[in-house]
Amino acid sequence: MSLKVYNSLTRQKEVFTPIIEGHVGMYVCGPTVSGESHLGHARPFITFDVVYRYLMHLGYKVRYVRNITDAGHFEEEGREAEDKISKKAAVERLEPMELVQKYTNLYHWAMAQFNNLPPSIEPTATGHIVEQIEMIKKIIEDGYAYEANGSVYFDVEKYHRDYSAKGMPYGMLSGRNLDEQLDTTRELDNQEEKRNKSDFALWKNAPPEHIMRWASPWGEGFPGWHIECSAMSTKYLGEEFDIHGGGMDLQFPHHECEIAQSTVCNHKTPARYWLHNNMITINGKKMGKSYNNVIKLSELFAGTHPILEQPYHPMTIRFFILQSHYRSTLDFSNEALQSAEKGMKRLWEAYENLQKLSTDNASAADTALDQKVQQLLAELYEFMNDDLNTAKVLANLFELAPIINSIRHGQTAANAVAGSTIAKMQQYFHLFLEEIFGLKAEQANDDNKLGGVLQLLIDIRKDAKSRKDYVTSDKIRNELATLGIQLKDEKDGSVSWSINN
RNA sequence: GGUCCUGUGGCCGAGUGGCUAGGCAGAGCUCUGCAAAAGCUUCUACAGCGGUUCGAAUCCGCUCGGGACCUCCA
């Protein structure tokens with residue numbers, strides 16, 4: 001069974017076939033480092049990290065490019081053009097590049113917390129000004145952009161007219177009808193430089209107070225919002241590549257404009273498969289700056305935001321995100337996060353129990369159970385291949401958990417399931433949880449000093465219990481519980497422990 | 001106003017026309033010195049109204065609610 005993904009461009013699930021066999025080029029829109037990343041940003045980066053991991057697992061050699069936008073965005077159309085980064089820099093009295101570096105570092109820290117693999121290439125907008133200027137020049141030469149007062153705008157009308165005839169109208173990705181847009185776009189001020197409201201900036205003339213500025217054929221300025229992704233994806237992945245990813249809110253205008261720019265330069269639609277993750281909402285509303293409802297990642301991990309009842313471990317967030325399908329909205333609440341935290345703990349303990357099971361049993365005493373396990377395991381690939389349904393994968397792993405636990409705790413006979421089936425479970429749990437989903441234990445349970453101390457306490461308690469000195473044994477157990485360490489008496493007389501938050 | 005998505009049990013969330021998804025929470029039981037953990041059992045669903053169909057959470061229509069985008073957005 002082959003991998004199918006939902007392609008926003010065609011609005012249907014399609015079999016994924018790379019342009020060059022065995023290789024995948026994937027571009028994902030990265031962060032704008034003018035501020036700290038919030039929970040909403042975590043979703044695309046975790047989603048596409050899983051895409052990246054799964055493609056590699058399938059044997060593809062993947063080049064994963066995720067940019068860092070460190071220059072050139074506008075605060076808002078209709079207002080005086082100003083670079084977000086330089087504006088904030090003035091407020092905070094920092095060098096623009098110092099600010100960019102600070103938030104880039106924080107972003108990298110958060111990505112590492114989530115156990116996201118670093119992309120193959122992480123290009124910055126400021127590092128590719130030359131490429132962007134070259135691309136703009138090319139678009140002007142082809143007649144699809146014009147200069148006005150030191151700024152350059154993309155001629156959307158002309159592009160739409162010419163490329164509609166070639167089956168590539170402006171709006172093909174987002175399903176927008178340009179004519180309707182023209183009638184309904186809200187009134188904007190200071191648009192006199194543009195020939196049409198739908199035109200977008202490729203290059204903006206920098207006003208004197210602007211700190212970030214570069215020389216260009218049109219004077220000193222800075223690049224428009226969309227051109228960096230076209231320039232960098234073309235440079236590192238070629239004129240046509242396999243996957244372009246990002247949040248649904250980037251579909252229009254950002255990705256639409258990317259398509260227009262790249263198509264003029266390269267005469268083909270840049271990416272074959274466009275994947276968009278849905279939004280994280282809070283009380284049903286998208287988490288975003290404009291709603292003033294963002295929870296920064298550092299606040300989430302530390303539990304410092306007023307709305308948070310407790311800190312949440314990065315792995316809890318990752319698990320929470322993977323428990324839903326990436327194209328559905330996902331609603332944040334303390335209750336939902338807490339349930340994810342408990343659920344992951346339970347699943348992880350089943351995974352740890354699984355690793356302790358023997359694989360020696362030659363044949364299954366309970367063939368029905370053995371077959372059920374086989375079935376649940378076989379479905380894991382089906383679910384991933386069906387547009388990366390991580391939610392269904394986790395549901396199946398949860399169905400396996402009681403089977404594992406009951407064997408481990410003796411409620412089900414040890415020989416009920418064949419050793420080969422146990423081995424396969426061990427392999428699949430490791431594969432899906434750790435390698436593909438990128439999950440890892442919330443705490444390292446292999447801290448030698450702590451483990452040694454606990455073992456000492458466990459031994460003392462065991463002695464006390466053997467003397468029926470329950471006062472002492474309960475004291476040890478209860479005081480450890482107060483410290484967040486839970487002792488569990490196993491059926492076989494051994495004692496295990498786990499750390500609660 | 002335009003384009004599109006969505007409405008599932010106390011909460012989150014998956015659902016390919018027929019076969020109880022799953023998680024968290026609740027209840028009961030087993031095990032246990034007592035617990036915890038674990039296992040077993042169990043209660044609440046498909047916004048409303050029509051239609052198609054032998055059969056609809058799923059397809060179609062209407063109504064109501066929620067949301068996204070329409071040039072800052074992940």
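Proteins come first, then strands; the chains are lettered A, B, ... in the order of their sequence lines, and each starts at number 1. Note that these values count all heavy atoms, side chains included, but never hydrogens, waters or copies made by symmetry. What you see is a predicted model; the values in this text were computed from it and never measured.
Using a 4.0 Å heavy-atom cutoff across all strands shown, A:L330 reaches sugar-phosphate atoms only and no base atom. Counting any heavy atom pair closer than 4.0 Å across all strands shown, A:T329 reaches sugar-phosphate atoms only and no base atom. Counting any heavy atom pair closer than 4.0 Å across all strands shown, A:N478 reaches no nucleic acid atom. Counting non-hydrogen atoms under 4.0 angstrom, A:G288 reaches nothing in the nucleic acid. Among the heavy atoms of the strands lying under 4.0 Å from A:H38 is at least one base atom, whether or not backbone atoms are also near.
Ring planes of A:F429 and A:Y351: parallel class, angle under 30° (limits at 30 and 60°). Between A:F252 and A:Y170, the ring-plane angle classifies as perpendicular under the 30° and 60° cut-offs.
A salt bridge does not link A:R467 to A:D463: none of the charged side-chain nitrogens sits closer than 4.0 Å to a carboxylate oxygen. Using a 4.0 Å cut-off between charged nitrogen and carboxylate oxygen, A:K4 and A:E382 do not count as a salt-bridge pair. Contact check on A:R461 versus A:D469 returns no salt bridge, with no Lys/Arg side-chain nitrogen under 4.0 Å from an Asp/Glu carboxylate oxygen. With respect to the salt-bridge test (charged N to carboxylate O, under 4.0 angstrom), the residues A:R477 and A:D474 qualify.
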Assign a letter to each nucleotide of nucleotides 17-24 of chain B from its 5' end: B, base within under 4.0 Å of a protein heavy atom; S, sugar-phosphate only; -, no contact.
----BSBS
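Of the two residues near RNA chain B, A:P31 and A:R477, the one whose nearest nucleotide lies more 5' is A:R477.
One atom, CG of A:D387, and another, P of B:U16, lie 11 Å apart when rounded to the nearest Å.
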